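Down below is the structure, laid out as structure tokens.
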Amino acid sequence: MSNKNATPVRARFAPSPTGLTHLGSARTALYDYLIAKQTGGQFVLRIEDTDQKRFDPKAEEDLTNSLKWLGLQWDEGIEVGGQYAPYRQSERKEIYQKYARQLIEQGDAFYCFCSAEKLEETRQAQQKNKENIRYDGTCRHLSLEEADQRIANGEPYVVRFKMPYEGTTTITDFVRGEISFDNQYLDDYVLVKSNGLAVYHLAAMVDDHLMNITHVFRGEEWLPTSPLHVRIYEALGWEQPIWVHLSLFLKPRELGKGKLSKRDTEKMKEALGTSFFIMDLKEMGYIPEGIINWVAMMGWSYDDKSDFFTLAELVEKFSIEKLNPSAVALDFKKLDYFNAKHIRELSVEDLAQRIKPFFLKAGIDASDEILLKITPLIQERLTTLNQAVEKAKFFFKDDIELSLEKLQESKWDLAATLIYTKAAYELIKKTDDLSQDALNQPLRDLAKEMGVKPGMLFASVRNAVTGERQTPPLFETMQIIGKEKVLERLEKAITLLES
RNA sequence: GCCCCUAUCGUCUAGGGGACCAGGACGUAGCCCUUUCAAGGCUAAGACCGGGGUUCGAAUCCCCGUAGGGGUACCA
């Protein structure tokens, strides 16, 4: 499966545990996984938990559950370990401090003692005077001795990167090419916070280098700060990874035009009956194959004809050359399409096991034996797994609820329904074989005899036996229900119609 | 405000100067198949944001608008 000609890629997925794992994360992780597997490299999972304020203790479990469920097992990282451990940034504090100190001693960074209030003041003044908003440089030229002395005196401080005032910084993004930034618009970004913890800009760069990451897949929102990242790599004398900035997801067209806000992710459930979060999607009956295929094709393409792929096929076909830079609007209709199509590709045994939990959750104790029988009947009718319950629940009920409304088709009256049902009942009673081969023709002959359309008899039987208007093919359905129960239900319907 | 990215059917996209009166997929509409619902088959409607260049020739290259998005935090 792996591409022997390519050098092994080490790609990392490095989310911050601040919320539930969503489709955007899933796509980034997928691409990391694909490129690593394709080249015989490693997919690394690192946790960027440097922001204690936004930390969500439930996020990490949701993350590992989501990734595992999607089939994106990582080779290195939290849980599984690896030679570059630890893989949680909160456990790597000293490492970042060491490099921060090196940067300072080299003159590429400096200790800054400016207060938040003072910073805010200069910002406002700059805004008022229409100057570039950036750090005013107060602490930039403090001597190391003086800075160390002030730190020893207990003054609070941060570490800032010393961004040049002139010239440009260029980053090479694999999907967009070279992008240049004027340094005058860049800032002396904070690298280490006053609590001693590094921010993303330092921590991620140090980790990516130390962990030998060759390709960095991340969202386009990182483009504006990428010159800082380039500068950090250069200052430390390291070779840059290949930067791959992925397009952003926009809100579904049904919700309007434009960016995907938190409000939109909340609205998805009520307005579209869907969700932005992986574990929600699982609960709604989407399967990993469907979600993987769908997100893979958002911002990436293979050729002008094919778009239906399994994870294994994606590993084989994926290429960063075909990545698309423009933002994409989520289209859940297409998710439905991919999901349904992948459900149809599943083996009966596999699908039966996957729909089982949905029956259990609905309070239906579905045995494997019956599940295996009904699965072929509903397989091509499912868009999501949970629909199996609605479509097949009548197989499991000892006593389906019948009503005149359910029995009567709008096209004819109750008296006619009674006649059709009775006639069909008599016919079915006479045979032990409920198969299509045995019953189809006799039922049609009977309809002809009665001078009615076959559909009328079919519908009457369907309504009485299943209590549903839309079901899998009648004869297979009746075979599974069994003659005894079929007759029982027909009798009940007749009694009801006679009353 | 300033900086950066992006711009082909409603949506996802193919296209990287002539092969394009722009191809595929989802969705939509119609027809066929059919005992219902699906699945499947066929057909249809549907796009190169605008304006300038460059060129014999531009969806493709350049510039300017416009629009959408991102950033502008001791968040990631």
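Each chain gets a letter, A, B and so on, in the order its sequence line appears, and its residues count up from 1. On a predicted model such as this, the values are computed, not experimentally measured, just so you know.
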A:Tyr200/A:His229 aromatic ring centres below 6.0 Å: yes
Do [X] side-chain and [N] base share a donor-acceptor contact under 3.5 Å?
X: A:Arg253; N: B:U11; answer: no
X: A:Arg54; N: B:C75; answer: yes
X: A:Lys305; N: B:A25; answer: no
X: A:Ser194; N: B:C74; answer: yes

How is [X] classified with respect to the nucleic acid when contacts are heavy atoms under 4.0 Å: base, sugar-phosphate, or nothing?
X: A:Arg176; answer: sugar-phosphate
X: A:Thr471; answer: base
X: A:Gln436; answer: base
X: A:Pro325; answer: sugar-phosphate

Take atom NZ of A:Lys118 as the centre, draw a 6.0 Å sphere, and report whether it contains more than 12 heavy atoms from other residues, nucleotides or ligands. yes
Less than 4.0 angstrom between a side-chain N/O of A:Lys259 and OP1 or OP2 of B:U6, yes or no? no
At less than 4.0 Å, is any side-chain N or O atom of A:Lys341 found next to OP1 or OP2 of B:C26? Yes or no. no
Of all the nucleotides listed (B:C75, B:A25, B:A7), which has the minimum atom distance to the side chain of A:Lys334? B:A25
Given B:A76, B:C12, B:A38, which nucleotide is nearest the side-chain atoms of A:Glu48? B:A76
Mind checking whether A:Phe113 and A:Tyr157 have parallel, tilted or perpendicular rings, split at 30° and 60°? tilted
